[in-house]
Amino acid sequence: MGKTAFYLAAKIEQLMAAMEKASLAEWVELYRRPWRLLILNFAAGVARGLGIAVGFAILGAIVVYIVRELALLNLPVIGKLIAEIVRMVQQEIY
């Protein structure tokens, strides 16, 4: 074999290694079965939405708690504003 054949063989080996690293076979299998791709994407979207909702609820509760605690400190100007905000939020909750 000549130099060219060895060079091509080495390049093919590199290409095969790159394809294995990229999991190309798994991607091709997903595109062969579009329903599986659709289900996986739907499940990922539901999980992402649920995570955003739970995270927002937790952060919102923390903010309301901090605002309530600040209102109890009776700060002159800020206290009245915070108390009004807390009152409005509590009216919406109950």
Quick one: do V64 and F56 end up in the same hydrophobic cluster if we chain Ile, Leu, Val, Met, Phe, Trp and Tyr together by side-chain heavy atoms under 4.5 Å apart?
-> no
Roughly how far apart are N41 CG and R48 CZ, rounded to 0.5 Å?
-> 8.5 Å
Are Q90 and V86 close enough, and set up right, to give a side chain to side chain contact (heavy atoms under 4.5 Å, CB included), and what steps lead you there?
-> CA-CA 6 Å; Q90 286 178 344; V86 169; 3.8 Å; yes
CZ of R36: more than 12 outside heavy atoms within 6.0 angstrom?
-> no
Are Y65 and I85 joined in one hydrophobic group, where the rule is that I, L, V, M, F, W and Y side chains link up if heavy atoms are under 4.5 Å apart?
-> no
Between F42 and L50, is there a shared hydrophobic cluster once you connect ILVMFWY residues whose side-chain heavy atoms come closer than 4.5 Å?
-> no
Value rounded to 0.5 Å, distance of CZ in R87 from CD in E92 | 10.5 Å
Calculate, to the nearest 0.5 Å, the distance between atoms CG and CD belonging to L37 and E29 respectively.
-> 11.5 Å
Would I66 and L59 show up in the same hydrophobic cluster when neighbours are defined by side-chain heavy atoms closer than 4.5 Å?
-> no
Shared ILVMFWY cluster between V63 and I52, side chains joined below 4.5 angstrom?
-> no
